[in-house]
Structure formats: C-alpha cells, structure tokens
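Everything on this sheet refers to the single structure shown next.
Every value quoted in this text rests on a predicted model; they were computed, and no experiment measured them.
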Amino acid sequence: MEALWNFEITITLFLQSLGTWLAEPMRWITSMGSESFYMLIMPAIYWCVDSALGLRMGLILMFSTAFNADFKLLSHGARP
C-alpha cells in the first residue's frame with residue numbers, strides 16, 4: 001500500500017508543478033462528479049433524450065456509488 005501511496009503523491013506533485021492554469025479545468029471536472037450536477041442532468045436525459053437511457057444511467061449511477069462507498073470502506077485508503 002505504501003508503494004501505491006508514493007506513486008499517487010508523485011502524480012499529484014507532477015500535476016501541481018505544471019502551474020495554476022489547470023485549476024479551473026480541474027474544478028470544472030470535479031463539479032461534474034457532484035450530486036448537484038447529476039440532479040440536473042439525469043432528469044434532462046430522462047425527459048428530453050430517452051427514458052430508457054435515463055433509467056439505465058440512473059441505475060449505473062446508483063450501483064457505482066454503492067460500489068465506490070463499499071470499496072472505500074474496505075481499502076481504508078488515506079486521503080491526500
């Protein structure tokens with residue numbers, strides 16, 4: 001686990017050394033993973049695009065969120 005932690009730190013330090021120009025794109029990418037984003041986009045997909053696609057995306061989101069939470073509990077990974 002220590003080797004993985006060191007590898008993650010190396011990647012983080014490399015990205016931070018590229019400068020501050022990455023801050024805004026990274027904030028935008030981070031906001032795409034927020035609950036608010038999905039609360040806006042899921043109904044739009046369900047009603048405006050395709051109800052079957054919206055339902056499948058909702059189920060995938062629900063199961064992936066549950067899997068992610070369970071995996072975090074099992075791995076006990078430290079936060080950077």
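- Here the side chains of Ile45 and Leu53 are in contact, with some heavy-atom distance below 4.5 Å.
- Within the model, atoms CD1 of Ile9 and CG of Leu4 stand 10.5 Å from one another, a figure rounded to the nearest 0.5 Å.
- Of the inter-residue distances, the one linking Thr12 atom OG1 with Glu8 atom CD reads 7.0 Å to the nearest 0.5 angstrom.
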Distance-only criterion, 3.5 Å: show the donor-acceptor pairs between side-chain atoms of residues 55-68 and protein atoms not counting sequence neighbours.
{"from": "Ser64", "atom 1": "OG", "to": "Ile60", "atom 2": "O", "distance (Å)": "3.0"}
{"from": "Ser64", "atom 1": "OG", "to": "Leu61", "atom 2": "O", "distance (Å)": "3.1"}
{"from": "Thr65", "atom 1": "OG1", "to": "Leu61", "atom 2": "O", "distance (Å)": "2.7"}

Identify all side-chain donor-acceptor contacts of residues 19-35 below 3.5 Å with residues at least two apart in sequence or on another chain.
{"from": "Trp21", "atom 1": "NE1", "to": "Leu18", "atom 2": "O", "distance (Å)": "3.1"}
{"from": "Glu24", "atom 1": "OE2", "to": "Arg27", "atom 2": "NH1", "distance (Å)": "2.7"}
{"from": "Thr30", "atom 1": "OG1", "to": "Met26", "atom 2": "O", "distance (Å)": "2.7"}
{"from": "Ser31", "atom 1": "OG", "to": "Trp28", "atom 2": "O", "distance (Å)": "2.7"}
{"from": "Ser34", "atom 1": "OG", "to": "Ser31", "atom 2": "O", "distance (Å)": "2.8"}
{"from": "Ser34", "atom 1": "OG", "to": "Phe37", "atom 2": "N", "distance (Å)": "3.3"}

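- Grouped by direct or indirect side-chain proximity (heavy atoms under 4.5 Å, Ile/Leu/Val/Met/Phe/Trp/Tyr only), Trp47 sits with Tyr46.
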